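Below you'll find the structure, written out as structure tokens, and then a few comments.
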Amino acid sequence: MDVHDTAATGAARCPMYDGSFAADPQKVYDYLRAHGPAGPVELAPGVDATLVVGHETALRVLQNPNLFARDGRRWTALNDGRVPLDSPVLPMMAYRPNCLFTDGAQHLRLRKAVTESLDRLNVTRIRRDVEPIAAYLIDQFSERGRADLINDYARLLPMLMINKLFGCPAAIGDRVTSAMADMFDGKDALKASDELTACFMELVSLKRREPGDDITSWLVQHPAGLSDEELKDQLVMLIGAGVEPERNLIANALLLLLDRDGEDGPSMQIEDALDHVLLNNPPIANYATHFPLQDVDLGGVVVQANSPLVISFAGANSDPALASSGQAHSRGAHLAWGAGPHACPAKSPAQVIAVTAIELILNALPDLVLSVPAQELQWRPGPFHRALATLPVQFSPTPATRMASAYGVPTAPRPTVVQQPQQPQQPQQAARVAAPAVQKPAKKGFWSSFLEIFRV
């Protein structure tokens, strides 16, 4: 394990952004825990933090907003210019006026608008919206007999589902899908964040003029009277939380179910697989950044005021103290949904989406198996997520007719290239005649392609 030297006593600072951490994060959690319930880490080059790996200590931080604030404007190193402004972790940590990064009365007002809007969703609607999206995606690869369930399914389904639930029209939805993928994959994260901001401002403006039966419209209409800026920042939080974590929850549970060498993999129920993942392989492994209002002692580890304190949900869940108390295998013992006043408000919709998505693909492709041994799969580097890079599978090829049979619409058109016969030209003629400029049509994204099919 590559670590950076710190003080003469205590743990050395562990980097959390390289391939070594992605391959075996538990090694870092165990190392830090050997020195205390929290320890020094580097989230990205030049971005230091303290990571909480003890379950009891994590609960202490999460449930004590009077001592541990969420407002990133308190971040001393950032305010002093000691954090690179192009750091890939800034979009995930810097202050936004949403209910993730606020405290007190402001947090209560914003969270009320969010939770009451999400409460208008129900299981029937969520399943109804997931089913055609899953059918559409499965139709794209079912005839091949092989797929990458990350890039062909688990990555795309939450993005398309979010566009549906939030009422994104085609043009905005394609841009949101692309920018969200770039932000989580570290492809110019700041530019992607700016693009998301622009998309959401357009969406808010549209829903003020033309409200619909969607979460964005419900937020716009909520009695809290959120401003356009506040609405935009709630959308950034909600859509961000609904894409990357959902992708990883679906993928990590599919891996568990498909790993024929796993302890209980083949016979597990989907709900049990999700619980297992949330405890042992949570999709967001480290997050919930807090800033102590004063220097604080966490079990012998002193954390300075206004420095980032990150909760390791994965580390806390694997704390031996949790196992020794007999709680490790009880439902709800894990911290994957957070705890305290900032606990995830979308727990129920997220679980329904994941269960439905997994159920549909396992039913559609009943002989689905991994193409490579599970231990050979690669995990994406990054300090916050627990995310597979790919999930290659194979199965018996089946016709791409799910959309047509279930929803009465044609399957996605497959583009063909027609070669036109070339007429021989004289050299002088070729020199005189210039080919007319051809305007290439804009490339359609998955969301606009999906919407086109349902307009037929």
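Model, not experiment: these values are computed from the prediction.
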- From Leu110, Leu238, Val204, residue fulfilling side-chain contact (heavy atoms from CB on, under 4.5 Å) relative to Leu219: Leu238
- Task: Search all heavy atoms of Gly338 against all heavy atoms of Phe313 and return the closest pair with its distance.
- Result: CA-CE2, 4.1 Å
- Query: How would you list, by chain and number, every residue that makes a ring pair (Phe, Tyr, Trp, His ring centres under 6.0 Å) with Phe101, sequence neighbours excluded?
  - Reply: none
- Query: Hey, which of Asp213, Asp228, Asp214 is the one that makes salt bridge (charged side-chain N to carboxylate O under 4.0 Å, His left out) with Lys207?
  - Reply: Asp214
- Task: Could you tell me whether the side chain of Phe395 reaches within less than 4.5 Å of the side chain of Phe141, counting heavy atoms only?
- Result: yes
- Which atoms form the tightest heavy-atom contact between Ala251 and Leu391, and what is the distance? O-CD2, 3.9 Å
- Message: I'd like to know if the side chain of Arg402 and the backbone of Ala134 have a donor-acceptor N/O pair within less than 3.5 Å.
- Response: no
- Query: When you measure from the side chain of Asp259 to the backbone N and O of Leu255, does any donor-acceptor pair fall under 3.5 Å?
  - Reply: no
- Query: Are any of the side-chain heavy atoms of Gln378 and Thr390 separated by less than 4.5 Å?
  - Reply: no
- Ser217 side chain vs Gly212 backbone, donor-acceptor pair below 3.5 Å: yes
- Message: With side chain to side chain contact (heavy atoms under 4.5 Å, CB included) as the criterion, how do Ile358 and Leu362 come out once you've worked through the C-alpha distance, each side chain's angles and the decisive distance to 0.1 Å?
- Response: CA-CA 6 Å; Ile358 295 169; Leu362 294 181; 3.7 Å; yes
- Query: How many angstroms lie between CG in Leu165 and CZ in Arg125, if you round to the nearest 0.5 Å?
  - Reply: 6.0 Å
- Show the numbers, then the answer: is there a side chain to side chain contact (heavy atoms under 4.5 Å, CB included) between Ile353 and Leu157? CA-CA 9 Å; Ile353 292 170; Leu157 188 144; 4.0 Å; yes
- With the side chain counted from C-beta on, respond yes when Pro383 and Met92 share a heavy-atom pair under 4.5 Å apart, and no when they do not. no
- Task: Assign the ring pair Trp75 / Phe291 to parallel, tilted or perpendicular, where the plane angle (0 to 90°) is split at 30° and 60°.
- Result: tilted
- Message: Can you tell me how far apart CG (Leu231) and OG (Ser205) are? Round to the nearest 0.5 Å.
- Response: 11.0 Å
- Item | Beyond-backbone contact of Leu258 with Leu149, side-chain heavy atoms, under 4.5 angstrom | yes
- Within 6.0 angstrom of Gln63 CD, more than 12 heavy atoms from elsewhere: yes
- Item | Under 3.5 Å: donor-acceptor pair, side chain of Glu143, backbone of Ala400 | yes
- Message: Please give me the minimum heavy-atom distance between Pro37 and Leu298, naming the atom from each residue.
- Response: CG-O, 3.3 Å
- Task: Decide yes or no for Val176 and Met159: does some side-chain heavy atom of the first lie under 4.5 Å from some side-chain heavy atom of the second?
- Result: no
- With a 4.5 Å limit on heavy-atom distance, are the side chains of Lys164 and Val130 in contact? no
- Message: Restricting to non-hydrogen atoms, name the atom on Pro392 and the atom on Val372 that form the minimum distance, rounded to 0.1 Å.
- Response: CG-CG2, 3.9 Å
- Message: If I take atom CD1 from residue Ile162 and atom CG from residue Leu235, how far apart are they, to the nearest 0.5 angstrom?
- Response: 10.0 Å
- Message: Hydrogens and angles aside, do Asn317 and Tyr29 bring a side-chain donor and acceptor to less than 3.5 Å of each other?
- Response: no
- Which pairs pass salt bridge (Lys or Arg N to Asp or Glu O under 4.0 Å) with one or both residues in residues 276-289, sequence neighbours excluded? none
- Would you please say whether a donor-acceptor pair under 3.5 Å links the side chains of Asp30 and Gln26? yes
- Determine whether Trp379 and Asn281 make a side-chain contact, defined as any pair of heavy atoms from C-beta on separated by less than 4.5 Å. yes
- Polar side-chain atom of Asn248 near backbone of Ala387 as donor-acceptor pair, under 3.5 Å: no
- Query: Where the side chain of His342 meets the backbone of Gly340, is there a donor-acceptor pair that is under 3.5 Å apart?
  - Reply: no
- Looking only at side chains, do Asn151 and Arg155 share a donor and an acceptor under 3.5 Å apart? yes
- Message: Working to the nearest 0.5 angstrom, can you tell me the gap between Arg175 CZ and Ile172 CD1?
- Response: 6.5 Å
- Message: Between Arg13 and Ala49 (side chain of the first, backbone of the second, donor and acceptor by atom type, cut-off under 3.5 Å), is there such a pair?
- Response: yes
- Flag, side chain of Gln234 to backbone of Cys99, donor-acceptor distance under 3.5 Å: yes
- Query: Roughly how far, to the nearest 0.5 Å, is CZ of Arg73 from CG of Leu78?
  - Reply: 12.0 Å
- Item | Test item: Asn163 side-chain N/O and Cys168 main-chain N/O as donor-acceptor pair under 3.5 Å | no
- Begin with the C-alpha distance, continue with both residues' side-chain angles, and end with the deciding distance and a verdict on side chain to side chain contact (heavy atoms under 4.5 Å, CB included) for Arg70 and Thr102. CA-CA 6 Å; Arg70 298 297 294 266; Thr102 52; over 6 Å; no
- Note, Pro40 side chain near Leu32 side chain (heavy atom, < 4.5 Å): yes
- Task: Quick one: do Ser396 and Asp367 satisfy side chain to side chain donor-acceptor pair (under 3.5 Å)? Show the steps, please.
- Result: CA-CA 7 Å; Ser396 299; Asp367 61 349; 2.4 Å; yes
- Item | Gln269 atom CD, neighbour heavy-atom count above 12 within 6.0 Å | no
- Task: Drop me the distance from Glu230's CD to Gln106's CD, to the nearest 0.5 angstrom.
- Result: 7.0 Å
- Query: Within the side chain of Asp152, is there an N or O that forms a donor-acceptor pair under 3.5 Å with the backbone of Ala147?
  - Reply: no
- Query: For Asp103 and Asp71, which heavy atoms make the closest approach, and how far apart are they?
  - Reply: OD2-N, 3.4 Å
- Task: Starting from the C-alpha separation in whole Å, work towards a yes-or-no answer on side chain to side chain contact (heavy atoms under 4.5 Å, CB included) for Asp233 and Met237.
- Result: CA-CA 6 Å; Asp233 284 302; Met237 175 199 67; over 6 Å; no
- Message: Quick check: closest heavy atoms across Ala22 and Pro381, and the distance to 0.1 Å?
- Response: CB-CA, 3.7 Å
